[in-house]
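Here is the structure we will look at, set down as structure tokens.
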Amino acid sequence: MRRGISVAALVGVLALTATACGSDGGDGGDGSKAADDPGSVSGKVTWWDTSDATNEAPAFKKLVAAFEEKYPKIEVEYVNVPFDQAQQKFKTAASTGKGAPDVLRSDVGWTPGFAQLGYLKDLTGTPALDKSSDFLEGPLKNAAYQGKTYGVPQVTDTLGLLYNKELFAKAGIDKPPADWKAVKEAAEKIKDKTGAAGIGLSPDSYYSLPFLYGEKSDMVDAGQKKITIANAASLKGIETAVDLVKSGAAPKPAGTDGYNALKTDFKNGKLAMLIDGPWATKEIFGGDAYKAKENLGIAAVPAGSTGTAGAPVGGHNLVVYAGSRNFDASYLFTRFMTEAAQQEAVSKEIGVLPTRKSAYSQAVLADPVRSAYYGALSKAHPRPPIPQGGDLFTDWLQHYTKILTLKEEPKDGLDATAKAWKSALLKDYSVE
């Protein structure tokens with residue numbers, strides 16, 4: 001059952017809908033001008049880019065410049081918005097009808113929620129969504145809500161086990177560990193033989209998912225409308241993560257900026273293993289330990305006690321604000337930024353994974369990092385297809401950070417998370 005929209009949100013939706021219908025010279029957003037005469041489209045497009053400002057944004061800025069060169073009558077206002085602020089910032093702007101961008105780089109978990117609230121333009125049949133059959137199945141599904149497509153997949157990703165081959169060799173380990181038990185054993189050998197720490201576990205709640213999937217669980221069961229974050233299987237998965245910290249196999253992460261601290265240690269050879277995605281590799285290759293790129297190994301995330309290994313499907317969509325004053329320009333910009341040529345160029349420059357099949361050229365797949373993650377995508381675990389998907393991580397983040405830093409017992413944190421979701425986000429769900 002669809003969750004109700006609050007009165008305040010409904011007022012915001014009505015306001016932005018009225019703005020959209022009367023904008024751009026009466027253009028209702030069908031994109032006919034962009035489709036029939038793209039060269040005549042003019043005006044301004046504001047784009048909120050949520051990519052990493054240091055390691056990713058420069059590549060996307062190059063594409064913006066290329067777009068403006070191709071469409072000289074269109075000006076793009078580029079704004080880099082920190083990822084951890086963007087979801088709420090867009091909600092606030094869209095609900096009030098003030099200051100929202102024409103195009104947003106939206107996390108796949110945010111897209112259904114924004115669509116449910118009426119903040120996004122349905123892109124089905126518009127010039128923004130070009131050659132939809134060329135997109136990988138998973139990313140395209142992550143851009144849809146209730147049978148309509150509200151985003152165009154820009155990049156996709158999943159998680160893997162990154163490891164330092166040199167440290168493994170010094171410890172006498174000839175292959176990456178396939179399960180968490182083997183991770184613990186490998187960490188002990190590495191610490192004993194090299195002095196380096198074992199595996200880095202980010203306190204960000206997104207990185208908890210492999211531990212849930214390894215026990216054949218998830219945050220929720222959308223089909224059965226059950227909150228499963230606190231069930232026995234999920235508890236076992238999170239206890240596995242805590243055991244790695246308590247045993248010393250994983251250093252206790254910092255409660256603030258723990259992810260970046262671990263990544264720094266890994267790229268400088270102080271940490272032997274790290275769970276991370278392809279977005280991290282550009283920075284990692286800038287570290288002392290990976291001046292020789294072949295020293296970086298990539299394997300599937302370790303399996304849990306069930307023998308199952310799984311990592312989430314992540315990524316970003318480009319979405320168009322329903323209150324945009326220039327739909328034609330927004331559609332052209334969105335299409336350009338997600339075309340195969342642009343996806344291939346960005347993939348080769350910063351290592352992100354394309355969402356288009358045709359972008360996986362020989363040049364893209366020749367890189368062992370991209371090839372490894374591309375293979376992992378076929379086994380990656382889909383995210384819950386619910387509007388609240390992006391919001392679930394907020395409450396869980398607070399508790400998962402406390403759990404991994406040993407300030408809260410796993411059961412207490414899981415129970416509190418389930419209670420918070422039931423109270424505010426998933427009132428019509430039962431708690432398993």
Side-chain angles (χ1 to χ4, degrees), residues 3 5-20 23 44-58 60-61 64 75-121 123 128 142-143 145 150-155 157 204-206 256-257 259-260 279 314-327 329-330 333-334 337 383 386-398 401 420 424-425:
R3 289 178 66 226
I5 301 176
S6 69
V7 173
L10 182 58
V11 170
V13 171
L14 292 175
L16 66 88
T17 301
T19 300
S23 66
K44 185 177 180 180
V45 173
T46 299
W47 179 39
W48 283 6
D49 176 21
T50 59
S51 70
D52 180 88
T54 302
N55 298 299
E56 296 180 321
F60 293 119
K61 287 181 179 179
V64 170
E75 175 191 354
V76 178
E77 180 185 357
Y78 175 91
V79 182
N80 187 271
V81 180
F83 177 78
D84 60 354
Q85 301 173 23
Q87 183 183 16
Q88 187 56 52
K89 187 173 182 178
F90 181 76
K91 280 185 176 180
T92 300
S95 65
T96 61
K98 297 179 180 179
D102 297 286
V103 181
L104 169 73
R105 185 179 191 257
S106 169
D107 182 87
V108 296
W110 305 343
T111 304
F114 290 159
Q116 184 202 40
L117 290 170
Y119 297 159
L120 304 183
K121 187 70 175 177
L123 300 179
N142 281 341
Y145 175 64
Y150 288 92
V152 182
Q154 183 198 29
V155 296
D157 59 57
D204 189 305
S205 50
Y206 182 74
T256 302
D257 206 27
Y259 165 69
N260 285 319
W279 59 83
H316 295 82
N317 303 316
L318 292 190
V319 299
V320 176
Y321 172 48
S324 171
R325 293 185 175 274
N326 198 334
F327 286 115
S330 297
F333 178 74
T334 298
M337 296 293 287
R383 302 272 287 278
I386 57 175
Q388 305 90 340
D391 296 320
L392 296 178
F393 292 100
T394 303
D395 288 305
W396 180 214
L397 171 62
Q398 300 174 32
T401 298
L425 295 174

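All heavy atoms count here, side chains included; hydrogens, waters and symmetry mates do not. One is the number of the first residue; the rest follow in order along the sequence.
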Should [X] and [Y] count as side-chain neighbours, where that means a heavy-atom distance under 4.5 Å?
| X | Y | value |
| --- | --- | --- |
| V320 | F327 | yes |
| D157 | W279 | yes |
| T334 | K121 | no |
| L120 | F90 | yes |
| T50 | L104 | yes |

Of the non-hydrogen atoms in [X] and [Y], which two are nearest, and what is the gap between them?
| X | Y | result |
| --- | --- | --- |
| V152 | A128 | CG2-O, 3.6 Å |
| N55 | D52 | N-OD2, 2.6 Å |
| Q154 | R105 | OE1-NE, 2.8 Å |
| A322 | G118 | CB-O, 3.6 Å |
| I386 | P112 | O-CB, 3.8 Å |
| N326 | S324 | N-OG, 3.1 Å |

Looking at residues at least two apart in the chain, or sitting in another chain, which of them share a side-chain contact (heavy atoms from CB on, under 4.5 Å) with [X]?
| X | answer |
| --- | --- |
| A143 | T149, P153, N317 |
| E75 | K44, E68 |
| L397 | S205, T401 |

Assign the ring pair F114 / Y119 to parallel, tilted or perpendicular, where the plane angle (0 to 90°) is split at 30° and 60°.
tilted
List the residues meeting side chain to side chain donor-acceptor pair (under 3.5 Å) with E56, not counting sequence neighbours, and say none if there are none.
none
Show, in sequence, the C-alpha distance, side-chain angles and deciding distance for V76 and M337, and conclude whether the side chain to side chain contact (heavy atoms under 4.5 Å, CB included) test is met.
CA-CA 12 Å; V76 178; M337 296 293 287; over 6 Å; no
Hey, could you give me the [atom1]/[atom2] distance between [X] and [Y], rounded to the nearest 0.5 Å?
| X | Y | atom1 | atom2 | value |
| --- | --- | --- | --- | --- |
| H316 | T111 | NE2 | OG1 | 9.0 Å |
| W48 | E77 | CH2 | CD | 10.5 Å |
| D391 | W110 | CG | CH2 | 10.5 Å |

Any side-chain to backbone donor/acceptor pair from D102 onto Y321? Under 3.5 Å, distance only.
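Flag not set: sc D102 to bb Y321 has no pair under 3.5 Å.
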Quick one: list whatever passes ring-ring contact (aromatic ring centres under 6.0 Å, His included) with F60, sequence neighbours left out.
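Per chain and number, F60 pairs via ring-ring contact (aromatic ring centres under 6.0 Å, His included) with no residue.
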Partners of Y78 by ring-ring contact (aromatic ring centres under 6.0 Å, His included), sequence neighbours excluded?
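W47.
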